[in-house]
**Q** 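I have a structure here, written as structure tokens, and I will follow up with some questions on it.
Side chains included, hydrogens not; waters and symmetry mates left out as well; all remaining heavy atoms used. Note that the numbering runs from 1 along the sequence shown for the chain.
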Amino acid sequence: NRNKVNVFIAEKITPKLRALRYLDGDALEAELKQVIGDTQHAFDITENDVVIFGSAGVLFAGPECIQHETLLLAFLALKAREDFVANFFNRLFLVAEHTDEQR
């Protein structure tokens, strides 16, 4: 079972709001949850660009969002390490449990 991360890069988002307005706990957030999981953080990168982080992915939206590709790559590198460590320790606990059962 491998964890998946959804990455969305869009030239625009409708409706265009300030980042925290997308975390309204209502219809807008429900739409985002369908594609990036439980929403965690939202930031205005520039006046026109927004980034929204979820438990299963990230959404970059705005006319200049591709210019922030290094930020996206840094996030994905950290997310990959986080997933690796979580899966590694889960596997270790399973092996330890199996070893205890064999004794």
**Q** Show, in sequence, the C-alpha distance, side-chain angles and deciding distance for His68 and Val51, and conclude whether the side chain to side chain contact (heavy atoms under 4.5 Å, CB included) test is met.
**A** CA-CA 10 Å; His68 309 290; Val51 60; over 6 Å; no
**Q** Could you go through residues 23-35 and list every donor-acceptor pair under 3.5 Å that involves a side-chain atom there, pairing it with any protein atom two or more places apart or in another chain?
**A**
unit_1, atom_1, unit_2, atom_2, d
Asp24, OD1, Asp26, N, 2.8
Asp24, OD1, Glu29, N, 3.2
Glu29, OE1, Gly25, N, 2.6
Glu29, OE2, Thr39, OG1, 2.3

**Q** Please round to the nearest 0.5 Å and tell me the distance separating atom CD of Gln67 and atom OG1 of Thr46.
**A**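 Going from CD on Gln67 over to OG1 on Thr46, the span is 8.5 Å.
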**Q** I'd like to know whether Ile45 forms a side chain to side chain contact (heavy atoms under 4.5 Å, CB included) with Leu71, so could you lay out the CA-CA distance, the side-chain angles of the two residues, the decisive distance to 0.1 Å, and finally the verdict.
**A** CA-CA 10 Å; Ile45 302 298; Leu71 179 63; 3.8 Å; yes
**Q** Do Phe43 and Ile66 land in one hydrophobic cluster if side-chain heavy atoms of ILVMFWY residues count as linked below 4.5 Å?
**A** yes
**Q** Name every donor-acceptor pair, under 3.5 Å, that has one atom in a side chain of residues 72-84 and the other anywhere in the protein, sequence neighbours excluded.
**A**
none

**Q** Return the minimal non-hydrogen interatomic distance between Ile52 and Ala42, and the atom names on each side.
**A** CG1-CB, 4.1 Å
**Q** Determine whether more than 12 heavy atoms belonging to other residues, nucleotides or ligands lie under 6.0 Å from atom CD of Gln40.
**A**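 Yes, the 6.0 Å shell around CD holds more than 12 heavy atoms from other groups.
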**Q** Under a 4.5 Å side-chain heavy-atom rule over Ile, Leu, Val, Met, Phe, Trp and Tyr, are Val85 and Val5 clustered together?
**A** no
**Q** Could you state whether Tyr22 and Ile36 fall into the same hydrophobic cluster, counting links through intermediate Ile, Leu, Val, Met, Phe, Trp or Tyr residues with side-chain heavy atoms under 4.5 angstrom apart?
**A** yes
**Q** Verify, without hydrogens or angle tests, whether Ser55 (side chain) and Gly37 (backbone) share a donor-acceptor contact under 3.5 angstrom.
**A** no
**Q** Measure from the side-chain N and O atoms of Asp49 to the backbone N and O of Glu64, and report whether any donor-acceptor pair falls under 3.5 Å.
**A** yes
**Q** Please tabulate, one pair per line, all N/O donor-acceptor pairs under 3.5 Å involving side-chain atoms of residues 8-19, not counting sequence neighbours.
**A**
unit_1, atom_1, unit_2, atom_2, d
Arg18, NE, Asp44, OD2, 3.4
Arg18, NH1, Glu47, OE2, 3.3
Arg18, NH2, Asp44, OD2, 3.3

